[in-house]
Undergrad: 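Before we start, here is the structure in question, set down as C-alpha cells.
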Protein chains: 2
Amino acid sequence: MLAVSSRITIRDVSRATGVSVSTVSNALNAPERVAPETRRKVVEAADRLGYRPNRAARALPKGRTFTIGYCIPAGRDGFFLDTFLHQVTERASDADMDILLFTAHRGQTEVDTFREIIRRGAVDGFVLSGTTHDDQRVDLLLESRMPFVAFGRTDLGSTHSWVDVDGRAGTRAAVEHLVDTGHRRIALIAWPEGSISGDDRVAGFVEGLEAAGIEHDPALLVRAENDLAAGREAASHLLDADLPPSAIVTVQDILAAGAIAELNRRGLRAGPDVAVTGFDDSPPALYSTPALTSVRQPIEEIGRTIVEFLIHDLEEGDGIPRTRLVDPELVVRESSGGP
Amino acid sequence: MLAVSSRITIRDVSRATGVSVSTVSNALNAPERVAPETRRKVVEAADRLGYRPNRAARALPKGRTFTIGYCIPAGRDGFFLDTFLHQVTERASDADMDILLFTAHRGQTEVDTFREIIRRGAVDGFVLSGTTHDDQRVDLLLESRMPFVAFGRTDLGSTHSWVDVDGRAGTRAAVEHLVDTGHRRIALIAWPEGSISGDDRVAGFVEGLEAAGIEHDPALLVRAENDLAAGREAASHLLDADLPPSAIVTVQDILAAGAIAELNRRGLRAGPDVAVTGFDDSPPALYSTPALTSVRQPIEEIGRTIVEFLIHDLEEGDGIPRTRLVDPELVVRESSGGP
DNA sequence: ATCGGTCCGTAAAACGTTTTAGGTCGGGAT
DNA sequence: ATCCCGACCTAAAACGTTTTACGGACCGAT
C-alpha cells in the first residue's frame, strides 16, 4: 500500500506560521534563539497540525539515530526476555529512543550481523545480553568504538560497561537458608564448567558451605546440561548415593523442576522429604507444585540500569566504563519447606 | 562517545572506482543499467571497503524505512513473547527489514504512542498482538492507511489482515480427548466473559460436549481471572460440588496450575484422580509435576505467517486483507492420564 | 552621526542516499 | 552524410531535517 496520509513536514508548519523553516526548527529545538511570541506561534501551529520531525530526516544531519540495538538471542534465553525487553524499551522511551530489534541473518554469525548494523549506521549503541567469557561481540564493539552496555560480565570486564547479578551471593543465600532450616548434607546440580554465571553460582555454593563449617563432599556436586531430563538424571544419581543429600541446590529452575520430577517418581515430596531450590525465579518456579524456592534476579532493576548507563554514555560522551553488580533475592516457597 | 569509526559512504566507493556516485548507486540497486565491467568494479570495491548504505539516508528518498513496528505489551503477554518476537524478527530479517520495538510512553495511551510513531514516519507497517474486540489501534491504523497484520481477530476482522489460533478447535480437542479416555463429567474454568479468545475457547468446550452427546451442566462452568489463586479457588469450588467433575478443562495453563495446586492440597493427584488440561503449552506446563496436558499454539507458524502477510502487502501494495486461522495441537501429558 | 553589539530571523549548506533528466558516444539504417 | 537509437554514464534535484553563517534592525554608548 502506498504511503498515503500526506505526512506533516516542517514546511507545513513554516507555511502555517509564515515563518521560515529554520525558525521553526530553532523554535522547537533551541527555544532561546527565538522571540517568545514567535516560539508560541510555532509551538501552537506544530501542535495543531500534529507535526513530528521525521526520524530518518533528523538522523541525517544530527549524526544520531536515537535508536538502541538489541540482538534477540537465537536459542531461547530464558523466560525473562519478556520482562527485560519491556523494561529496556520503556526506559529507552523515557530518553526518546527506540529499540531496534534484530537477529542473526541466515548463514551469518551473530558478530557479522552486528557489523552489518554498525556499518548501516542504524543505531547509536547496543544492549548486549547472554555474554560469554571471550565475547566476540564485545571485541567488535570496542574496536568500532560503539557505545554499549552488557547484561553479564566478560573477560574484558574492566574495559566496558556492564550490569550483572551477583550469582555467587544468590547460591550462597540458598545454602544459608538450607543450613538455617537444619540441613547439613546439601548437594548442587550445576552446569558444565566454563560459563561465567555457572561457575559463579558454584563458587557461591562452596562459599556457603564453608561459612557454615560444612565440609564440601565432591560427590554432592554433579553437572548437567540445562534441561529437564538432565536435571532428573542428576537428581537420580544423587539420590542413589550411599549417603543421599537432604537438600538439593540447583543453578537453574529447570534443573530444579527435573529434580522435583525425579523425587515425585520415587514417591518422595519436595520440601518435606528433600528440599530443592532453583535459580532465576522463572514462571515455572511459581506455578509448579510444590512452588519452588528460587533465587530471583531483579530483571527490572537490571534493565533500567543498563539503559541508564547507555544513555549517560551517549549524552555525556565520556565513554567511561560503568559497572554494577546487583543483589539477587532468595524467594522461599514450599519446595524448601517454606510456607 | 563521539561517533567515530569514519563510516564508509557511497562517495568513498565512488572515489575508489573513479566512477560517479550515481553509477555506484545504480550498480548496486539496478545492475541492468550499468555495464558488466563497471558493475564488477563497483561491487568489488564496495565489498572490499565494507560499504553498506546508511539506513536513514536511504529511507529519505525511498520513502520507506525498512522497519516494522511492534509495541511490546505492558502487562506480560504470556510466555510466547520470546518465541514470537524471535520468529518475527528472523522473518523480517529475511526480507531485509528490522523491528522497531516501542512501548507506551509514560502518561500516554498505547494508541497515542502508535500515532507518534506514525507521525515520525518511523516504520513502514506494524505487527499487532493482544487484540481486543474493538481495538483502538486497529481504528487508528486503518484510518491512517498504515499496513499492519494482527495476531488475533477484532470486530473489524474483515477489513484488515490477521492471523489467529482456532481456540475453539483447541478446547474442543481437549474435551474429545477426555471423552475418549472415559470422562463424562467434565468441567471448565474459563475467563470472565468478553474477550475474543476466551469466548472462543468456551464455545469449543460446549461444542465438544454436544458432539459427545453430553448435556452441558452450567454448574460445571466457572469463571476466574487469569492467575494462580483464582484458578485454585475455581477448582476448589468445583470439587466441593455434590457431583464433582472427573476432569477439568481450563482456558489457560496458569488456571490449570491453580487447579493442580488445589488437587495436591486435597491429597488428590492430577491425572489418576482428576484429569486436568491447560491451554498455551507454556513452559510451566512442561516443567510442572505432573506435566500438564495442554493445547499448543503454533507460535512459530503464526509469527512467520504474520510477517509474510505484512511483507507481501508492503511489496505488492495491494492492501487486500489476508487472514489465516491456524490449528492448535493438543499435547497429551500426565495430568490427563497420558504417558 | 557613527560605531559596536544584541536580538531575531533567514538563506543556504550539509547529511547520504536515490532517482530523474539529460548528455555523449558509437553504430546501423536511411 | 545524416539521422536516430541504444547503451552507458553523470549532474543535479530531491527527501526532511539541522546548523552555520550572515544580514537587518534596533539600541545604547561614544
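To find a chain, count down the sequence lines: A is the first, B the second, and so on, and within it residues start at 1.
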Undergrad: For V21(B), which contact category applies under a 4.0 Å heavy-atom criterion: base, sugar-phosphate, or nothing?
TA: base

Undergrad: Name the orientation class of the two ring planes belonging to F126(B) and F102(B) (parallel below 30°, tilted from 30 to 60°, perpendicular beyond 60°).
TA: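 Geometry flag for F102(B) against F126(B): perpendicular rings.
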
Undergrad: Within the 4.5 Å heavy-atom criterion, are T9(A) and N54(A) side-chain neighbours or not?
TA: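 Contact flag for T9(A)/N54(A) side chains = no.
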
Undergrad: Just checking, any donor-acceptor pair under 3.5 angstrom between side chains of T67(A) and D98(A)?
TA: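 Short answer, no.
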
Undergrad: Heavy-atom contacts under 4.0 Å between residues 27-51 of chain A and DNA chain C, which residues?
TA: V34(A), A35(A), T38(A)

Undergrad: Taking R52(B) first and then E116(A), would you say they form a salt bridge - that is, a charged N and a carboxylate O separated by under 4.0 Å?
TA: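 Yes, charged N to carboxylate O under 4.0 Å.
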
Undergrad: Does T23(B) or A57(B) map to a spot on DNA chain C nearer the 5' end, using the closest nucleotide for each?
TA: A57(B)

Undergrad: State, without any angle test, whether N26(A) and T23(A) hold a side-chain donor-acceptor pair at a distance under 3.5 Å.
TA: no

Undergrad: First and last nucleotide of DNA chain D in contact with chain B, 5' to 3', at under 4.0 Å to a heavy atom: what are they?
TA: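 With heavy atoms of chain B under 4.0 Å away, the range is dC8(D) to dG16(D).
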
Undergrad: With a 4.0 Å cut-off, would you call R48(A) and E44(A) a salt bridge?
TA: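 Yes, charged N to carboxylate O under 4.0 Å.
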
Undergrad: Quick check on DNA chain D: between S22(B) and L60(B), whose nearest nucleotide comes earlier from the 5' end?
TA: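 Per heavy-atom nearest nucleotide, the more 5' residue is S22(B).
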
Undergrad: When all nucleic acid strands are considered with a 4.0 Å heavy-atom cut-off, which category describes T9(A): base, sugar-phosphate, or nothing?
TA: sugar-phosphate

Undergrad: Suppose we screen for salt bridge (Lys or Arg N to Asp or Glu O under 4.0 Å). Which residues come up paired with D327(B), at least two apart in sequence or across chains?
TA: none

Undergrad: Please tell me if the side chains of N29(A) and K62(A) come closer than 4.5 Å, counting only heavy atoms from C-beta onward.
TA: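 The answer is no, as the side chains (C-beta and beyond) never meet within the 4.5 Å cut-off.
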
